[in-house]
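Everything below concerns the one structure shown next.
Whatever order the structure lists ligands and atoms in, that order sets their numbers, starting from 1.
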Amino acid sequence: MATISLERVKELLGQENERFVRERPRSRALFEEAKKNLVGGVPMSWMRIWSGGFPVFVEKAQGVYITDVDGHRYLDLCLGDTGGLCGHAHPKIVEAITDQMVNRGTTTMLPTQDCIWVGKELERRFGLPFWQVLMTATDANRMALKIARSFTGRQLILAFNGTYHGSVDETLVVNFFGELINVPGMLGPIVPDATKMTRVIDFNDVDALEQALAPGDIACVITEPVMTNIGIIAPEKGYHEALRDITKKYGTLLLIDETHSMCAGPRGVTGQMGLTPDIFVAGKFIAGGYPAAILGFTSELSDWLGQRLPWHNFFGFGGTLSGNATAVAGIRAALEHVINEENYDRMTRLAQRMEEGLARIIKDNDLAWYVARIGCRVEFRFLPKPPKNGSEALFAEVDYNEVDIVTEGLTGPLDALIHVWCANRGILLTPVHEMALVGPTATREDVDHYVDTIGALVRELLG
Ligand code: PMP
């Protein structure tokens, strides 16, 4: 296997950081100005995690390109970490949202006709018959867990190690060598004993699942159908069938969160694999990046909710209405015009090309890395093979950082280098991991530019 020297990584990182700062005086000045009133110099904390010392400030974002205030144009492979997966400022979505806002109103505490079309379409795609439209997937997950607890009369939630479902307290815990702790770096749940709230096991482990649910005290299993947030971890053959059978056997509800995995296709992994959850959540790009989330239920849950009059017992269901009419219009436009087979065929073909290009670089240079893909989402990681579950993914990283050589924190500087190297060559790659999303208007040339850029960096590193 090829060895990358930490010294070389740090040397290149220094050069690239220096270039990044030199070529972006306007963004840098705005960042300094922003620091005076915005926490960390940004309106939302996620924007603080870009390499280079500060985020570039956006002049405009259109399709899969972003132009910054210094005049640099980037291919956007981050796409708002999925929120922008329909492409920025998609004309059809903008038209529908603008029409709603300008001519019909944003929030009225009343339904609009679009919700009829949206409800039917969501049933057609995902199988569940009853729906609510909320504003964020975090909120939808929070509400879903509340409902599950109330419905089952049980307190505990089961989550998989290394998962992320938004800032949902129940899932901001990690099983660290047998001890349940707050996810490092997150403002974790403030409860005296997290084991009273969440049980955490590993994905793809049927025996552990059976054991965890057997006491009959778990209200709900919350999971992505394919894990994404600890790196892509695919379900093993038969895992979803076992998950459904075992949850049913012990009276536990199954919540599938497709917020990220809808990059697999217009019906998500749920539609593709014919999964039958009790509760379904998706968000982010479901209205083309306008705040919106969908929360689906079985008839049984919907009936139960409907009987719980007065309905205002459920206040807090996705905040208090703001932007709901616009969200419904945006969801309709996104589903009708963008989140469709035709676009996904194209995006997936291009993502396959990207995957093959990266795999070739890894093979030709004998790197101990792997590349993984779901639909139009492609990532490579500094591990020799894909982990089977979150613990493997987490602890492999820990080993790598703490024990291995190449080590002494190579992952950190190497990750930073890849991102700033890409930014200096007109590509924005999703921060923190090497994850690229191929949007609807991306081209072959865009994909090749990214693959060539990574290839050139690897040559510099090994050369
Ligand atoms: N679920 C999953 C699987 C996610 O990855 C995220 C955010 N990355 C969320 C939910 C939260 O989404 P939102 O920003 O809409 O709250």
Side-chain angles (χ1 to χ4, degrees), residues 42-49 77-86 126 132-146 148 157-174 183 185-187 189 198 200 203 220-235 254-264 268-270 275 277 279-296 316-319 322-324 326-328 330-331 334 339 372 374-377 379 390 393 430-433 435-437:
V42 286
M44 201 179 212
S45 57
W46 296 107
M47 299 173 190
R48 190 61 192 84
I49 57 183
L77 296 176
C78 171
L79 292 174
D81 190 26
T82 304
L85 190 53
C86 289
F126 305 114
Q132 290 282 277
V133 174
L134 279 58
M135 310 320 290
T136 69
T138 298
D139 226 344
N141 281 325
R142 276 199 203 116
M143 201 59 219
L145 297 185
K146 267 185 203 228
I157 300 302
L158 186 129
F160 293 109
N161 218 15
T163 203
Y164 182 72
H165 295 281
S167 46
V168 177
D169 275 354
E170 287 85 345
T171 61
L172 294 180
V173 287
V174 62
V183 173
M186 296 274 177
L187 295 174
T198 314
V200 176
F203 195 65
C220 184
V221 172
I222 178 170
T223 186
E224 293 185 275
V226 175
M227 291 183 85
T228 63
N229 282 305
I230 189 76
I232 294 171
I233 298 178
L254 176 60
L255 160 51
I256 299 271
D257 175 2
E258 285 261 15
T259 302
H260 272 182
S261 50
M262 264 191 66
C263 59
V269 176
T270 297
L275 305 180
I279 309 177
F280 176 99
V281 165
K284 287 195 161 177
F285 70 108
I286 197 77
Y290 186 87
I294 49 173
L295 176 53
F317 214 120
S322 48
N324 191 274
T326 320
V328 172
I331 292 172
I339 307 175
I374 330 171
C376 61
R377 181 185 179 107
E379 72 182 15
T430 317
V432 182
H433 43 180
M435 191 278 278
L437 290 163

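A side-chain contact (heavy atoms from CB on, under 4.5 Å) with Leu254 holds for exactly one of Thr223, Leu158, Leu275, Ile279; it is Thr223.
Nearest-residue assignment for atom 11 (C) of ligand 1 (options Thr163, Thr138, Thr259, Asp257; heavy-atom criterion): Thr138. With His165, Glu224, Met262 as candidates, the residue nearest to atom 10 (C) of ligand 1 on a non-hydrogen basis is His165. Relative to atom 13 (P) of ligand 1, the option among Gly83, Pro225, Ala292, Ala137 with the closest non-hydrogen atom is Ala137.
Not one N or O of Asp139 is nearer than 3.5 Å to an N or O of ligand 1, by distance alone. Ligand 1 has no N or O atom lying under 3.5 Å from any N or O atom of Thr228, backbone or side chain. Of the polar atoms of His260, at least one N or O is found under 3.5 Å from an N or O of ligand 1, judged by distance alone.
Put simply, the side chain of Thr228 never gets that close to the backbone of Ser261: no donor and acceptor are under 3.5 Å apart. Side chain of Glu224 to main chain of His260: no donor-acceptor pair is present (N/O by atom type, distance under 3.5 Å, no hydrogens or angles). Arg142 places no side-chain N or O within 3.5 Å of a backbone atom of Asp169 that could act as its donor or acceptor partner. Between the Glu379 side chain and the Ile232 main chain, a donor and an acceptor come within less than 3.5 Å of each other. Counting only distance, with no hydrogens or angles, the side chain of Lys284 and the backbone of Leu85 share no donor-acceptor pair below 3.5 Å. A donor-acceptor contact shorter than 3.5 Å is absent between the side chain of Glu258 and the backbone of Pro225.
For atom 9 (C) of ligand 1, the closest non-hydrogen atom of the protein is Gly166 N, 3.6 Å. Ranking protein heavy atoms by distance to atom 14 (O) of ligand 1, first place goes to Lys284 CE, 4.0 Å.
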> Can you list the steps and then say if Ile339 with Phe285 is a side chain to side chain contact (heavy atoms under 4.5 Å, CB included)?
Replying inline: CA-CA 9 Å; Ile339 307 175; Phe285 70 108; 3.7 Å; yes

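Under a 4.0 Å criterion applied to the non-hydrogen atoms of Thr136, ligand 1 contributes the atoms 15 (O), 16 (O). Near Asn141, the atoms of ligand 1 lying under 4.0 angstrom from a non-hydrogen atom of the residue are 1 (N), 10 (C). Within the listing of ligand 1, atoms 3 (C), 4 (C), 5 (O) sit less than 4.0 angstrom from a heavy atom of Asn229.
Ligand 1 has no atom lying under 4.0 Å from any heavy atom of Gly283.
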